Chemist: 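Just dropping this structure here.
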Amino acid sequence: MTMSRRGFVKTAAAAAVLSGVAAEGVSHLIPVAEAHADEGGGETIVQSMCRACIHNCGVKVHMRNGRAVKIEGDEADPMSHGAICPKGLAGIQALYNPMRMKYPMRRVGERGKNEWERISWEEAINEIADALWEAYQSDGPQALVCSTGGGGNPQFFSPHRFLGVWGGGNFFEPGCAQCYLPRNCVQPKMNGTSDTSIADGNCSELYFDDTPTECLVCWGVCPSYDSPGTGGVMMARLRAQGVRTVVIDPRLTPDAAKADVWLQIRPGTDVALMLSWMKYIVDNEAYDEEFCLKWTNLPFLVNEETMCTYRASELGLGSDTDGVVWDKKTQSVKALPYPWDDAIEPALDGEFEVDGKKSRTAFRALKDNCAAWTFEKAAEVCWVDADDIEAAVKLFIEGSPQAGIALGVATDQYIQSAQAPEGVTILDCLMGNVQCPGAMIQLRASKIPCNYIVLPFDVFGEHPLQTPYEEKVKRLGYIEHKALGHWLASQIPAVFDAIDTGKPYQPKIWIDRSGNKLAMLADASHKAAVGKKMELIVHMYMYPTSMSVELADIILPTAEWLETAYAQDRMNMYFARRPVTQLYEAVDECMIWSWIAKALADRGHKRFQQSFDEEVATKFLSPYWTSYDQYKDYIAYRVGSDYFGDETWTWDKLDKTLPAAYKSMEDYQNDVYYSYQAPDPETGKPAGFATTSGKCEPYFDGMTIMGRTGGVNGADAQGFTYPPASVDYLPLPHYVEPTESPLTDTEYPLVLTQGRIPFYHHGTLRNVPYLRELYPVAEIWVNPRNAKDAGVETGDWVSVESRRGAISARVLVTEGIAPGVTYMERFWNPELLDSDDPSRSWKVMNVNVLTKGDGPFNPEFGTYTLRGITVKITKVDGPPEGVWIEPADFEPWMPQPSDPTGGAEAVYDCGEANYA
């Protein structure tokens, strides 16, 4: 090691108690040999799966003398075909990184001083459990906040599961309402099938060797940046097959550079562009009329007072399940039973009198909603050319129904996060791009959410360990933003308001499993100040981050992906993630939650006692585990039973079997087409779509009903109803100008957007030397016109300032960003954890110092604004002091070989559960 933290060695030598959590701050307690090339012993290859991001690409790990020495892509993977990206290749540098948190540690002194003492796992679990048990008895479940994050976390729902058994409290995740939840909730509820997120694997139609897709619209998504090994390979194959593409992104990404049409949209204005596409399709009658009439709710008549489509029972015409239409044959209102009645000829477009009141068809309501959005108006708002808008929508129309719109994270990150997925779903439904060959909307999604096998007890109807209703209504921000219930989440600003003010109650303990909340949460300075009011903060992660140093009281070392067991589908195949080694006292996070659960059960928490009972928990959802072997066998049982028809699988059977195909590629591709037309074995009627009406619902009154009750059909998954939100959720998307608008803001004239690059996923891997060599510091893209105005050139350093703070970035002048727009990747600097002021690690280059964490919020999800804020740039003399820029700077983070230790289970045994 060539770098040293001032005062660290002296302190460690004097007391061997206090230690800084940074590169050398943990390594002195576990001696390691100098890095070298291991030439002895034979080499074995283990098939596994990467988890450096959410894509789970198949990899082959070369092992020598118990150590991982090389990672390469696995050509058996039908999605990546053996490709691998820099994040995956960095797995060894992450695994053997000297910054690894190697054992539990307890804070000594004040938060933010970066002074720690080593403790045992038994001490850590008991201290956490004691604090939880005391808080539970004095304050009830609402004392606890749990959080997680993306960043490769394979057990997203572990905190939800824990909170459900605990009996209440709050969960949040920096993404959630700002990343994927809006699409994951809105699209399937509207189209009754799936969302269209490439990143989350739901667009498998694009990966076939001879895809039937004719046109792909990448709206706010760049597969070649987000997942080069899977999505990037896919995009190259599509173009080689002649698939036409439209890319909507202010940045010149690799996919934009190769697109047939690239729309360099102003961030935050996507809904305006969508409305212009709708208007063109409707005005030119380019929609699929038969699909719209028979398989959507667009012919249904709307009750203008309630904003919901009529049910036949309201008018005394039929049952609650029948829609109401205007029959052109009889010129009267008729009930339309599912799925159709040949004796009726419904009007698709029109305005009629129903029960003495005006009533439009849902189609007419949609038509009126977009009537003002000409190409010219959209061009003015979105800063794109009207002719280019027309060219883009024409490609989409010509390709339909073998077409689709893949929506990305960009639209999740501002206050129209619900309206954007509504907009693209309407467009796909209008064109009939649903469950037909080439469409993105397919029922091919996994039978179970296999990214997250560990599920909460709240997701499959009533369960003894589900969160009680009286605690659900106490979730912070939930009543106002009910779509958060799709992920059992609370609203982040509401959580921090409660921590800050104690109203409506005072959360006291925060358990977090993720990387760096201070780099991922909007308005990070506010979050850091408020977070310090918590009585106990526990942070689980693989490495120290700003979250660890600035806020945590206890830090717990979690395992890297090369140390964990899991399994994942890749199209028609299933692959295993195999733990090739286990180092230090690190452990898979699922065991940490289990150990805390066991400690609470030992203290008398009845629900946690029940959570270890298979009769209560059920075999499908599983009791908590007291050993990793139990957990591994549960994974095997789920994969074996759900995909291979064998409930007897153990991890040994899974290990010997996978990778394997659970059906042929031909069946995997073709079995899902036109699933809605297949007969239901119970009724004999077409299966339809998983919506209240059994049809696609582009007129999304289900969202309105959700805001009033908690669910699209008037109740949540457990049948509970909730008080209405203060503002109605609208059934059709309307454009709202971004809160901070360049149209009116002269002090901060540039619009800032974010987005991924190929080297990092969320806040991860900033401590990997080779990746930092490729992308060492935060870079800001500036259009030449704006660069001239600011007097900056490529390579200059600037201060980037918003109304919430200022950070530094290095300039890249490029036509690859739209005029008036600027782009930065989220960044933080682990090297500054070693400085006299560790808080600088999240302050000097972190774009979330600038972002807007207060209102207005998206009504449905409570989303705050991460993209589309206004900023200004000012040239400065140079980079922030102490940041690493040159390749040699990163040498202290080069991997150090370590021998397998068995992980935390080798030193801690929580004992078998026995609460009979």
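By convention here, the first residue in the shown sequence is residue 1. Bear in mind the structure is a predicted one, so any value in this text is a computation, not a measurement.
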Chemist: Side chains of S841 and N829 only: does a donor on one sit below 3.5 Å from an acceptor on the other?
Modeler: no
Chemist: Would you say L562 and I71 make side-chain contact, with heavy atoms under 4.5 Å?
Modeler: yes
Chemist: Using 0.5 Å steps for rounding, measure from the CD atom of E72 to the CD1 atom of I84.
Modeler: 8.5 Å
Chemist: Is the closest side-chain donor-acceptor distance between S898 and Y584 under 3.5 Å?
Modeler: yes
Chemist: Passes side-chain contact (heavy atoms from CB on, under 4.5 Å), F208 versus M571? Steps please.
Modeler: CA-CA 9 Å; F208 298 119; M571 296 186 76; 3.4 Å; yes
Chemist: Hey, what do you get for CD (Q669) to OG (S664), rounding to the nearest 0.5 Å?
Modeler: 10.0 Å
Chemist: Report yes or no: do R570 and N56 form a side-chain donor-acceptor pair below 3.5 Å?
Modeler: no
Chemist: Would you check if T148 and D512 make a side-chain contact, meaning some heavy-atom pair closer than 4.5 Å?
Modeler: no
Chemist: Can you establish whether the number of heavy atoms outside K60 located under 6.0 Å from its atom NZ is more than 12?
Modeler: yes
Chemist: Side-chain contact, heavy-atom cut-off 4.5 Å: E560 with R100?
Modeler: yes
Chemist: When rounded to the nearest 0.5 angstrom, what distance separates CH2 in W219 from CG in L407?
Modeler: 8.5 Å
Chemist: Evaluate whether atom OH of Y770 has more than 12 neighbouring non-hydrogen atoms of other residues, nucleotides or ligands under 6.0 angstrom away.
Modeler: no
Chemist: Evaluate the ring pair (Phe, Tyr, Trp, His ring centres under 6.0 Å) criterion for residues Y566 and W561: first the C-alpha distance (whole Å), next the side-chain angles of each, then the deciding distance (0.1 Å), finally the verdict.
Modeler: CA-CA 9 Å; Y566 209 60; W561 64 266; over 10 Å; no
Chemist: Give a yes-or-no answer on whether the side chains of T230 and H55 include a donor-acceptor pair shorter than 3.5 Å.
Modeler: no
Chemist: Does any donor atom in the side chain of D646 or T648 lie under 3.5 Å from an acceptor atom in the other side chain?
Modeler: yes
Chemist: Where is the tightest heavy-atom contact between I54 and A199, given as atom of each residue plus distance?
Modeler: CD1-O, 3.6 Å
Chemist: Within a strict 4.5 Å, meaning less than it, do heavy atoms of the T901 and E585 side chains meet?
Modeler: no
Chemist: Could you give the distance from CG (D633) to CZ (R638), rounded to the nearest 0.5 Å?
Modeler: 14.5 Å
Chemist: Between T558 (side chain) and E589 (backbone), is there a donor-acceptor pair under 3.5 Å?
Modeler: no
Chemist: Test side-chain contact (heavy atoms from CB on, under 4.5 Å) on F759 and K87; report intermediate values, then the result.
Modeler: CA-CA 6 Å; F759 316 115; K87 298 187 293 289; 5.7 Å; no
Chemist: Could you tell me whether K663 and D667 make a salt bridge, using a distance below 4.0 angstrom between a side-chain N and a carboxylate O?
Modeler: no
Chemist: Does Y96 have R67 sitting over its ring (NZ/CZ under 6.0 Å from centre, angle to axis within 45°)?
Modeler: no
Chemist: On a heavy-atom basis, which atom in L556 and which in M101 lie closest, and how many Å separate them?
Modeler: O-CE, 4.2 Å
Chemist: List the steps, then state whether side-chain contact (heavy atoms from CB on, under 4.5 Å) holds for F890 with L771.
Modeler: CA-CA 10 Å; F890 305 108; L771 296 183; over 6 Å; no
Chemist: Taking the side chain as every heavy atom from C-beta outward, state whether T211 and V243 have any pair of such atoms under 4.5 Å apart.
Modeler: yes
Chemist: Which atom names give the shortest non-hydrogen contact between V454 and W625, and what distance separates them?
Modeler: CG2-CH2, 3.8 Å
Chemist: Go through the side-chain N and O atoms of R756 and Y760 and say whether any donor and acceptor fall under 3.5 Å apart.
Modeler: no
Chemist: If you take all heavy atoms of G515 and H539, which pair is closest and at what distance?
Modeler: O-NE2, 3.1 Å
Chemist: Only one of Y668, W649, Y643 passes ring pair (Phe, Tyr, Trp, His ring centres under 6.0 Å) with Y574; say which it is.
Modeler: Y643
Chemist: Measuring only between side-chain heavy atoms, which start at C-beta, is T814 closer than 4.5 Å to L252?
Modeler: no
Chemist: Within the 4.5 Å heavy-atom criterion, are D428 and F396 side-chain neighbours or not?
Modeler: yes
Chemist: Quick test of your reading of the model: are E779 and R810 salt-bridged, counting only N-O distances below 4.0 Å?
Modeler: no
Chemist: Check for a donor-acceptor pair, side chain of S641 on one end and backbone N or O of G645 on the other, with a separation under 3.5 Å.
Modeler: no
Chemist: Check E563 with R578, please: is the shortest side-chain N to carboxylate O separation under 4.0 Å?
Modeler: no
Chemist: Can you tell me how far apart OG (S194) and CG (L443) are? Round to the nearest 0.5 Å.
Modeler: 7.0 Å
Chemist: Under a 4.0 Å N-O cut-off, is there an ion pair linking R244 with D260?
Modeler: no
Chemist: Pair D889, R772 - check salt bridge (Lys or Arg N to Asp or Glu O under 4.0 Å), show working.
Modeler: CA-CA 10 Å; D889 292 340; R772 282 292 297 274; over 6 Å; no
Chemist: Go through the steps for N184 and W487 under the test side-chain hydrogen bond (donor to acceptor under 3.5 Å, both in side chains), then give the verdict.
Modeler: CA-CA 9 Å; N184 180 247; W487 281 4; 3.0 Å; yes
Chemist: Take D255 and R239 through the test salt bridge (Lys or Arg N to Asp or Glu O under 4.0 Å) and record every step on the way to the result.
Modeler: CA-CA 10 Å; D255 296 329; R239 289 189 291 265; 3.5 Å; yes
Chemist: Under the salt bridge (Lys or Arg N to Asp or Glu O under 4.0 Å) rule, what do D209 and R237 come out as? Steps first, then yes or no, please.
Modeler: CA-CA 8 Å; D209 289 340; R237 288 162 62 90; 2.6 Å; yes
Chemist: Which of these passes side chain to side chain contact (heavy atoms under 4.5 Å, CB included) with T581: L95, V61, V46?
Modeler: L95
Chemist: Answer yes if the side chains of Y673 and E205 hold a donor-acceptor pair under 3.5 Å, and no otherwise.
Modeler: yes
Chemist: Is there side-chain contact between T213 and L206, with heavy atoms separated by less than 4.5 Å?
Modeler: yes
Chemist: Go through the steps for N202 and S197 under the test side-chain hydrogen bond (donor to acceptor under 3.5 Å, both in side chains), then give the verdict.
Modeler: CA-CA 6 Å; N202 295 333; S197 170; 5.7 Å; no
Chemist: Determine whether the side chains of D74 and Q47 contain a donor N or O and an acceptor N or O closer than 3.5 Å.
Modeler: yes
Chemist: Looking at D671 and R444, is any side-chain nitrogen of the basic one under 4.0 Å from a carboxylate oxygen of the acidic one?
Modeler: no
Chemist: When you compare the side chains of Q187 and T196, does any donor N or O come within less than 3.5 Å of an acceptor on the partner?
Modeler: yes
Chemist: Taking all atoms of both residues into account, what is the closest heavy-atom pair of T564 and A559, and its distance?
Modeler: CG2-CB, 3.6 Å
Chemist: What are the two closest non-hydrogen atoms of Q754 and L866, and how far apart are they?
Modeler: NE2-O, 3.0 Å
Chemist: Taking the ring centre of each residue, are Y628 and Y631 less than 6.0 Å apart?
Modeler: yes
Chemist: Atom CG of D412 and atom CD of Q178: how far apart are they, to the nearest 0.5 Å?
Modeler: 8.5 Å
Chemist: Under the side-chain hydrogen bond (donor to acceptor under 3.5 Å, both in side chains) criterion, do Y180 and D195 qualify, and how do the steps go?
Modeler: CA-CA 9 Å; Y180 189 38; D195 63 65; 2.6 Å; yes
Chemist: Check the pair R251 / Y225 against side-chain contact (heavy atoms from CB on, under 4.5 Å), numbers first and verdict last.
Modeler: CA-CA 11 Å; R251 305 169 299 159; Y225 268 175; 3.8 Å; yes
